[in-house]
Amino acid sequence: MDHTSNAHDTAVASGGTCPVDHSAPAAQTTVPSSSLPMVESARLRQVLGIWARPEPFLKQCRAAYGSRFRVKIIPGIRIHVISAPEDVKRMFLAPRDVLHTGSSNGPIEKWTGQNGLAWLDEDAHTARRRAVMPSFRGDALKRVERAVYQLAKETVASWPRDRAVSVHPYAHRYTTQVIMEVLFGEHRPSCEDAMFQEVMKMLEFNSRPASMTMFHRMPAWRVKMLRLLRPNGVNEFLTRRDRVYRMVDAAIEERARSGAEGDDLLGVMLGITNADGSKPSRVEMRDEIMTQFLAGTETTAAAICWSMEFLTRHPEVVERLRAEIEAGEGDEYLTAVVHEVLRLGPPIQQIVPREVVKPIDIGGVRYEPGDRLWASAYLLNRDEHNYPDPDAFKPERFLGVKPGSHTWIPFGGGHTRCLGDRIAFVELKATLTEILTTLDVERADAKQEFAHSRTVVNIPKNGARMIFRPRRVRATTGTR
Ligand code: HEM
């Protein structure tokens with residue numbers, strides 16, 4: 001089978017059985033990445049496709065060009081979309097000095113800064129990731145889990161009843177509260193409430209097209225000009241971000257002075273000593289905190305919205321889920337539901353691009369320094385070779401089945417795989433448990449909501465419009 005010609009996809013499109021052994025080594029001959037098909041439409045059309053209608057855009061590209069194609073959405077940057085499992089596997093397993101992730105995070109630099117984990121590569125990334133890991137695993141995870149179940153109870157109880165609402169803002173408040181726990185644990189800064197409110201308002205910028213702007217690549221005069229054009233939201237965002245910076249800086253100082261230790265992210269960062277004996281700077285700590293405000297809140301809020309979108313179209317799944325929760329004998333089906341929600345509605349449809357820094361051959365294609373590899377979670381998760389009847393919501397497909405690390409990639413993979421995956425799972429399970437045991441959920445609109453971008457995250461177009469009603473048959477067990 002010739003992977004270089006995208007022939008795999010022709011077989012797929014014609015309904016044939018895939019003749020490819022995806023575990024086979026890469027093809028022997030290589031072609032230059034510049035020979036891969038380029039999506040033909042104008043740049044603006046492609047940008048709008050990715051921003052406003054990512055699902056049909058990606059599907060059409062895949063149907064027309066196969067599993068590897070090039071898009072022109074950022075001037076001067078060569079972006080290659082890939083979606084064959086073997087290609088994605090090679091991408092995830094590539095050595096750290098061959099593919100970089102940090103430099104591709106340009107659109108979110110305005111949140112993460114240039115010192116947070118998401119911006120780092122190679123040794124600096126390895127060291128930071130290892131150092132902050134304790135705040136995402138072990139005892140810290142157990143602490144967060146306890147807080148999450150309590151928060152889910154309080155949050156869901158406070159959601160409006162008997163009127164149509166978009167779930168997104170409510171889910172987003174909840175996921176941001178969870179992140180405050182991850183960041184500060186029991187040592188909350190004295191400005192906690194003000195910080196929370198300001199962060200929520202600051203994150204609203206993500207719903208605007210201008211949120212994709214890469215301010216750090218612009219001369220100061222252009223940023224100034226953008227600030228003057230008030231309707232784009234740039235000035236408001238940057239003003240709010242300055243306020244959040246000041247509050248985060250104050251929170252770091254306050255905690256450092258208190259000497260209080262802890263397994264929360266700030267406590268862990270204050271305890272780090274680098275290999276050369278130095279300590280992380282205040283700016284590094286701030287950038288790490290800002291990274292979590294984005295990475296840990298937008299994603300999980302999107303996933304909660306997608307859960308509502310899918311579950312309300314599948315009452316049989318809701319019934320089975322409720323039966324399992326109420327029996328209180330495990331959460332196998334709930335786990336399968338979460339896997340299926342993240343397969344069909346991956347909050348990050350296109351995994352952070354990898355920048356090629358040393359030439360690499362993947363599946364018979366030679367990628368050169370400067371190329372970007374953009375693995376498509378959406379296309380991979382909906383490939384009929386990986387999932388029969390791929391567009392159907394069928395949690396059963398994951399019963400007793402562990403999702404494949406190269407065929408199910410909502411959390412990305414390799415060196416930069418999502419650090420908050422376990423926390424996200426707990427959040428989703430806790431929220432679904434609470435919603436389904438206390439509420440009946442109705443769709444406000446019969447029409448299906450398709451994906452819409454909020455910077456790098458995709459949410460249902462109207463934020464999942466639902467009507468929550470008190471549950472008629474109250475559960476007796478299941479909540480913690
Ligand atoms: C359903 C929810 C979530 C999804 C779908 C998600 C998805 C992702 C993806 C796709 C990446 C990039 C992976 C790659 O480059 O291969 C990522 C990175 C990251 N995520 Fe998540 N995420 C979620 C929740 C969270 C939460 C709750 C946190 C924090 C508590 C978090 C923190 C991070 C961090 C710190 C990184 C950067 C990791 C690194 O560079 O080493 N995420 N996430």
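One-based numbering, in listed order, for ligands and for the atoms of each.
Distances from atom 3 (C) of ligand 1 to the heavy atoms of Ile304, Leu428, Thr299 show the closest one on Thr299. Taking only non-hydrogen atoms, the option from Arg129, Gln350, Arg422 nearest to atom 38 (C) of ligand 1 is Arg129. In the candidate list Asn105, Leu183, Leu419, Leu419 is nearest to atom 34 (C) of ligand 1, counting heavy atoms. The closest non-hydrogen atom to atom 25 (C) of ligand 1, taken over Gly102, Ala295, Gly116, Gly413, comes from Ala295. The closest heavy-atom contact to atom 10 (C) of ligand 1, among the options Cys418, Pro410, Ala301, comes from Pro410.
Distances from ligand 1 to the non-hydrogen atoms of Asp421 include no value under 4.0 Å. Put simply, no part of Gly414 is less than 4.0 Å from ligand 1, judged by heavy atoms. Residue contacts with ligand 1 include Phe136, since one or more of its heavy atoms lies under 4.0 Å from the ligand.
Using cut-offs of 30° and 60° for the angle between ring planes, the Phe205 and Phe215 rings count as parallel. Taking the six-membered ring where the residue is Trp, Phe310 and Phe393 present parallel rings, their angle staying beneath 30° rather than reaching 60°.
Near Pro347, meaning under 4.0 Å from any of its heavy atoms, are these atoms of ligand 1: 5 (C). Within ligand 1, counting atoms from 1 as listed, the ones closer than 4.0 Å to a heavy atom of Ile351 are 10 (C), 14 (C), 16 (O). The atoms of ligand 1 that sit less than 4.0 Å from any heavy atom of Ala424 are 1 (C), 2 (C), 24 (C). Counting the atoms of ligand 1 from 1 in the order shown, those under 4.0 Å from a heavy atom of Thr300 are 2 (C), 24 (C), 27 (C). Of all the atoms in ligand 1, the ones that sit under 4.0 Å from a non-hydrogen atom of Val352 are 12 (C), 15 (O). Within the listing of ligand 1, atoms 27 (C) sit less than 4.0 angstrom from a heavy atom of Glu427. Close approach of ligand 1 to Ile179 (heavy-atom distance below 4.0 Å) involves ligand atoms 29 (C), 30 (C).
Atom CD of Glu253 is separated from atom CE of Met285 by 9.0 Å, given to the nearest 0.5 angstrom.
Exactly one of Thr176, Leu265, Val182 qualifies for a side chain to side chain contact (heavy atoms under 4.5 Å, CB included) with Gln292. That residue is Leu265.
In terms of polar-atom proximity, defined here as any N/O pair under 3.5 Å, Thr291 makes no such contact with ligand 1. On a distance-only criterion, Thr416 and ligand 1 share at least one N/O pair closer than 3.5 Å.
Note on Arg62 versus Asp383: salt bridge recorded, some NZ/NE/NH1/NH2 to OD/OE distance being below 4.0 Å.
The shortest side-chain heavy-atom distance between Gln349 and Val456 does not fall under the 4.5 Å cut-off.
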Could you please spell out the steps behind the salt bridge (Lys or Arg N to Asp or Glu O under 4.0 Å) verdict for Asp287 and Arg282?
CA-CA 9 Å; Asp287 283 354; Arg282 293 294 192 256; over 6 Å; no
